[in-house]
Novice: 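Take a look at this one; I'll ask things after.
Given the structure is predicted, the values throughout are model-derived calculations rather than measurements. Note on naming: letters A, B, ... go to the chains in the order of the sequence lines (proteins, then strands), and numbering restarts at 1 for each one.
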Number of protein chains: 2
Amino acid sequence: MSTPTLTDDLPPRIDHEASLPVVDADAAAATIDDDATVAVSGFGSVGDPKAVPLALARAADAGDRDPGLTIVSGGSVGDPLDTTLVEAGGVDRRYPFVATDAARTAVNDRSIAFADRSIAGMSDDIRLGRVADPDVALVEAVAVGSDWLIPSTSVGQTPAYVRAADEVIVEVNDAQPRALAQFHDVVVRDVPPNRTPIDLASPGDRIGDAAVSFDPSKLRAVVRTDDRDDPYVFREPTDADQAIADNLISLLETEYETDPVFGAAPTLQFGVGSLGNALMSALSDSTLADSDTGLRYFGEVIQDGLLDLLEDGVLEAASATSLALSAEGQDRLFESPSAFAEDIVLRPSDISNAPSLIDRFGVVAVNSAIEVDLYGHVNATHIGGSRLVSGVGGSVDFNPNAHLTVIATPATAAGGEISTIVPEVTHVDVTEHAVDAVVTEHGVADLRGTSPLERAAALVECATPEFRPALQEYVEQARERGGHVPRAPERAVNWPE
Amino acid sequence: MSTPTLTDDLPPRIDHEASLPVVDADAAAATIDDDATVAVSGFGSVGDPKAVPLALARAADAGDRDPGLTIVSGGSVGDPLDTTLVEAGGVDRRYPFVATDAARTAVNDRSIAFADRSIAGMSDDIRLGRVADPDVALVEAVAVGSDWLIPSTSVGQTPAYVRAADEVIVEVNDAQPRALAQFHDVVVRDVPPNRTPIDLASPGDRIGDAAVSFDPSKLRAVVRTDDRDDPYVFREPTDADQAIADNLISLLETEYETDPVFGAAPTLQFGVGSLGNALMSALSDSTLADSDTGLRYFGEVIQDGLLDLLEDGVLEAASATSLALSAEGQDRLFESPSAFAEDIVLRPSDISNAPSLIDRFGVVAVNSAIEVDLYGHVNATHIGGSRLVSGVGGSVDFNPNAHLTVIATPATAAGGEISTIVPEVTHVDVTEHAVDAVVTEHGVADLRGTSPLERAAALVECATPEFRPALQEYVEQARERGGHVPRAPERAVNWPE
């Protein structure tokens, strides 16, 4: 059979099964060397391989082997890799993003060596050997043939990783509907220096295939599994979430009225999480919902809120690399995939996050932060500058290249004990040069065209009232020291004490 | 006459002069309101308007008027704007880059409100009103007609600025040869959301015109001048420069041998300055000089070293937005422009610095820094985190989007008193996520795929031997605190005391 495309009927789970190396998970795991570099599918904690990581962990726990793997994922992956295998001590090195307690604990106690990288750049990083050179690609699929596979709930970096790896192991997951093929638009770019532009004119366009192709000589094992993704759990929006959403909508409605780029075809990206999900719901009631062209989403993950907007007809198209849905969201999508397949496109993450497309589509990017400082620098990754939360992810792709870059965050953390507006962030992931506005439950700081002290004045007003005097005091102390960016660094270290 | 193109004979300085509003500089200056926002030509301190800024300064010094202008330049401009007019108190606000002592003093004592922005983004920032909305575009040209002008020694953001401004004032400079028209390749991109890709397949390609067109109803004044640019002065390379160049060439030669992207068509960008100039000279003696395809330069400015490489046949093509040459370099170019015009292309700076092209061409970017910290963050703009040197410029365009990002810096500053490798930088312009390697006179730290502590170990070895024990002590103190990025912030503030 040739590589299936969207117009074909659903392919068999395993095409020409007798000719493929179908084995159980333990046998597949046994083909992976203890010191291997394994590039895995998975993004937004879905579409990651499950059976082979668990088999590796079982063998390690049983003392049958002592793996010290380098695991390179697309984005975040679920518990089989980042909890069970990590807790079995099977991972020595990890790129570029983690989202489980076990993995972040291991990174923070440095039993795992970790580096976070741009999502858009990671496909190139691995294809071109810039970060790691994978021995094996271990990827989940809804169907496989001798030289193709159809990804499941995320496309992620899978097209690049199967090209880069010496061998390919495919987990065919019966719990993932084959109809997911309808969502995928797989394109593999040429490498530089003769790389051509990405030929997409609009976030909803399709230019590729449902399947990822690979060199058939690489196919080492096919494993049949039947495990659903761990679904996302979104908390109920808090009062602060709602107030942030209101302030954000107010900013976006003004932009929609006054900015011809945003007015022509409002195109949004939201960071993953409960706040992002709350923001999406609030869009339904905004004037943006009346846009003639329809809203467009050009982002990294599809969350439940987007399904609502699509069903309501508010959203025209949604482009991402992952279906990061709750259990209810998965059920909605899996029960009637065709209802969504025309409007949702899942792309390789070097396309979903491509700086050139973020620029060309005029994306308004809304992402959160751990803390923002008075001059507009953003810490998105490390608590106290030291303890990793997850990784920088798409924030370095979307924020610097967006038409309008908005950081949306509650003004406090730790139950109100800590201000998220601080004199100096303890780690910088996004610089002042890329941040256009900051939104909290207390207001909107529009930083466009402002000097450092003007930024500080606007950001003090976005802080919680209890912290404003201490922030103001810092600004005054710093101002006395002089300079374009006034600082009082020894005050910043232990601020507000 | 229609808009001139490369194939035409040289146009007259002022086409149909009788029909154009030719006036003297004082009369042109008088048309600019005291509180106007003025978008000016100029990049790399060349191609900036000279006569009208001096007229404005004269009027201010004489007490005839009290201007408080917002000046938006392409990149750096020369003394008429950023010394004479600044010292006359005529500038209240300034974007996005300054390079004179007078302007940086005014920014640092906050008599001028300043913000630095990405060079690539600035054309959009002004066209779309994101940073400032210009009343007047004041631009230097080698020739002008009723609805076109040909830029002089820099193209910069001129095409965008004349579109964005309500009125246009052109200084036609007899000291700038009309043959500069042969270098320009002016293209104006559509704005998002229907922006199309930039149709360049190689750094040396041409897809545009020599002239910048504008709405003829905007032309308020044409002023005839005869003032050369202030030429660059490069210091002689120091021993440290030479040792850095040797280490860099060693890195580049390895990449050239092992990296198929760089091997296929080695494409480089260097930051402006004496170090960059020294690095270019060293390339002539490297194995890269033997490349079949020829070296390519895709950067921001053309410096003298590139003229040598072009004359030697080592360089196939050089793309930039400015001719930032010494007096000798200007003489060489101006005496035989045709000898260079085939291989040098001057583009608008949103094209010269376009993230999409930096990616597609696989550019290896080499830029300097004020300081680099042990985890790979770069301060490129502010001494002590407070005192602006110039601005972030193209470093936020090239570093995050390059195929290989190299920071090249002497290991010490202030005559050896200060280490440029520090525990924590005092201002972050380029984050760890974008830096692949750091080169000093003491070695190369290859940071690709490294964890924070691995980065620290490599960077300690790039420091001057005198500072290594203090850096190592910091790493050990920080390591005891734990976390993925170990820190001892109160130690970092006054390090090494």
Novice: So which part of A:His382 gets closer than 4.5 Å to some heavy atom of chain B, the side chain, the backbone, both or neither?
Specialist: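 For A:His382, the contact with chain B is made by the side chain alone.
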Novice: Assess whether a salt bridge exists between B:Arg360 and A:Asp190, defined as any Lys/Arg side-chain N lying under 4.0 Å from an Asp/Glu carboxylate O.
Specialist: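 The answer is no: the pair does not qualify as a salt bridge.
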Novice: Counting heavy-atom pairs closer than 4.5 Å to chain B, which one of A:Leu404, A:Val428, A:Ile198, A:Asn494 comes out on top?
Specialist: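 Highest number of pairs under 4.5 Å: A:Val428.
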Novice: Would you call B:Asp436 and A:Arg130 a salt bridge, using N to O less than 4.0 angstrom?
Specialist: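 No, no charged N to carboxylate O under 4.0 Å.
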Novice: Salt bridge between B:Glu454 and A:Arg93, side-chain N to carboxylate O under 4.0 Å?
Specialist: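 The answer is yes: the pair qualifies as a salt bridge.
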Novice: Given B:Asn401, which of A:Ser118, A:Pro355, A:Pro400 fulfils the side-chain contact (heavy atoms from CB on, under 4.5 Å) condition?
Specialist: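 The side-chain contact (heavy atoms from CB on, under 4.5 Å) with B:Asn401 is passed solely by A:Pro355 among A:Ser118, A:Pro355, A:Pro400.
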Novice: So, the side chain of B:Ser451 versus the backbone of A:Phe114: is there a donor-acceptor pair under 3.5 Å, distance only?
Specialist: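 No: the side chain of B:Ser451 does not pair with the backbone of A:Phe114.
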Novice: For the candidates A:Val191, A:Leu388, A:Val392, which exhibits the highest count of non-hydrogen atom pairs separated by less than 4.5 Å from chain B?
Specialist: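 Highest number of pairs under 4.5 Å: A:Val392.
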Novice: Would A:Glu424 and B:His427 count as having a side-chain donor-acceptor pair, cut-off 3.5 Å?
Specialist: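 No, no side-chain donor-acceptor contact under 3.5 Å.
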Novice: Rounded to the nearest 0.5 Å, what separates atom CG in B:Leu453 from atom CZ in A:Arg110?
Specialist: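 Separation between the atoms: 5.0 Å.
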Novice: Shorter than 4.5 Å, heavy atoms on both sides: which option in B:His377, B:Arg387, B:Arg104 has the most such pairs with chain A?
Specialist: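 The residue among B:His377, B:Arg387, B:Arg104 with the greatest pair count is B:His377.
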Novice: Heavy-atom pairs under 4.5 Å with chain B: which of A:Arg117, A:Arg481, A:His403 has the most?
Specialist: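 That would be A:His403.
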Novice: For B:Gly384, is there any backbone N or O sitting under 3.5 Å from a side-chain donor or acceptor partner on A:Arg487?
Specialist: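 The answer is yes, because a donor-acceptor pair under 3.5 Å joins these two groups.
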Novice: So which of A:Thr258, A:Asp429, A:Val396, A:Thr70 has the biggest tally of heavy-atom pairs under 4.5 Å with chain B?
Specialist: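 Top option by heavy-atom pairs under 4.5 Å: A:Asp429.
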Novice: Is chain A contacted by the side chain of B:Ala132, its backbone, both, or neither, given a heavy-atom distance below 4.5 Å?
Specialist: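 No part of B:Ala132 comes within 4.5 Å of chain A.
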Novice: Checking B:Asp109 against chain A: side chain, backbone, both or neither under 4.5 Å from a heavy atom?
Specialist: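 For B:Asp109, neither part sits under 4.5 Å from chain A.
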